[in-house]
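In the text below, chain A, chain B and the rest are named by the order of the sequence lines, each starting its count at 1.
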Number of protein chains: 2
Amino acid sequence: MKTVYERADIVPLLAEIFRELGYEGTSLSRITERTGIGKGSLYHFFPGGKEEMAGAVLADVDAWFEHAIYQPLRKDDAREAIAAMWTNVNDYFRSGRRICLVGAFALDETRERFSAEIGDYFIRWIDALLSALMRAGCSEGEAQTLAEEGVAGIQGALVLSRALDDRVVFTRSLDTLAKRFDSVMR
Amino acid sequence: MKTVYERADIVPLLAEIFRELGYEGTSLSRITERTGIGKGSLYHFFPGGKEEMAGAVLADVDAWFEHAIYQPLRKDDAREAIAAMWTNVNDYFRSGRRICLVGAFALDETRERFSAEIGDYFIRWIDALLSALMRAGCSEGEAQTLAEEGVAGIQGALVLSRALDDRVVFTRSLDTLAKRFDSVMR
DNA sequence: GTCTATACTTTGATAGAC
DNA sequence: GTCTATCAAAGTATAGAC
């Protein structure tokens, strides 16, 4: 019995492992252990080894956010897109049981390897949110502050809910942020 | 030329390394490389190896926060203690160039090793802040929400400022949070 | 594409001389 | 207390059979 993979099937599996163990904590043996995929297959799809695997995961995560979050924020009805962001983010991060890989990579020296990708992910999130807020009637300064506060607040909520091992904290934090946004967009 | 250390001298050095490299990324050889302290000395002070080193660092960080942040929040003038928290936190985290070790450990599987210490650090921070907010005139519900929002906001600001490699983001985020607190305490 | 075997490096940890 | 030497285990990566 042997399973044949495509690269696209492997990336989401790798993503979960990098999320849980971090870049340094993720070893090829633990990947094999959790997925059943041998080193031969891994190096066939990712000749650049672990670094290429993490890069592919980052690109995949980025593409998901671009499609599900950023584009609606830039193009759709502003209030609807912001409301959708809160529910999509809550689902994506599984109410805080899943962390943000990009944020986690930003904290330690892994950042050095992927600084461009990491910076880009957050810049584009903030800018897309800024765009929606302005279309919803915020001044530019107000929108910039609120966009940064929203994105940082989500990251902080992930840290806190993991630290307290309490998913209610995450959902409640998102709720507080959403109310704050609503009050400013009035 | 050989330097003789005490355990208390080593812990802050270890703290910086764990902060920059994370738990898994910190190897004994990199500790020696950065500090000049050999394995012999390290195992003399920390017979339990890397895990004991990280534990000692966590205890040291916790003690600093207890003394510099939590106790004033619980016992001193509420408004002054909150104001002092913002400046002390900004200094401690070096305007976002330094990360929160406890928050970083919370994100990956390192959490499993130190879940009690990590949870305690954040619980006590939130509770101390809650106490100050209530003494400053907040209702309990309002204070709970705001305390969580403040602590999560600091953690998120650290992630964001590292991701964007922009320390202005951190200071500005703290400023926004401080204003929010002021407006509620009126 | 996947597997097994293997090369080579680095890891955490220990022992013993000084 | 610190040093050097050394260990077994785990790390990344490669080669070649199938």
A:T176 and A:R180 side chains, donor-acceptor separation under 3.5 Å: no
Using whole Å, report how far CG of A:L42 lies from C1' of C:dT2. 11 Å
Rounded to the Å, how far apart are A:D9 CG and C:dG1 P? 11 Å
Would you mind reading off the distance between A:H44 atom NE2 and C:dT2 atom C1', rounded to a whole angstrom? 9 Å
Could you state the CZ-P distance from A:R30 to D:dA9, rounded to the nearest angstrom? 18 Å
Reading nucleotides 13-18 of chain D 5' to 3', which nucleotides get B (base under 4.0 Å from a protein heavy atom), which S (sugar-phosphate only), which -? BB----
Rounded to the nearest 0.5 Å, what's the gap from OH on B:Y92 to CZ on B:R98? Could you check? 5.0 Å
Tell me, which of residues 105-117 of chain B have any heavy atom that sits under 4.0 Å from an atom in DNA chain D? none
C:dT11 OP1/OP2 closer than 4.0 Å to side-chain N/O of B:S29: yes
Between C:dG12, D:dG1, C:dT2, which nucleotide has the shortest distance from any of its atoms to the side chain of A:F45? C:dT2
Roughly, in whole Å, what's the span from CD in A:E33 to C1' in D:dA9? 15 Å
Send over the distance from B:E24 CD to D:dA10 P, rounded to a whole Å. 13 Å
Apart from A:V4 itself, its cluster of hydrophobic side chains linked below 4.5 Å comprises none
Ring-plane angle category for A:Y70 and A:W125, please: parallel below 30°, perpendicular beyond 60°, tilted otherwise. tilted
Do A:T171 and A:R167 meet the criterion of a side-chain donor-acceptor pair at a distance under 3.5 Å? no
Would you classify A:T26 as touching base, sugar-phosphate or nothing, given that sugar-phosphate means primed atoms plus P, OP1 and OP2, and contacts are heavy atoms under 4.0 Å? sugar-phosphate
Is it the case that atom CD in A:E6 sees more than 12 heavy atoms from other parts of the structure closer than 6.0 Å? no
Does a donor on one side chain sit under 3.5 Å from an acceptor on the other, for A:E140 and A:Q144? no
Using a cut-off of strictly less than 4.0 Å, decide whether A:S27 has a side-chain nitrogen or oxygen near OP1 or OP2 of D:dG11. yes
Between CD1 of B:I31 and C1' of C:dA13 the distance, given in whole Å, is 13 Å
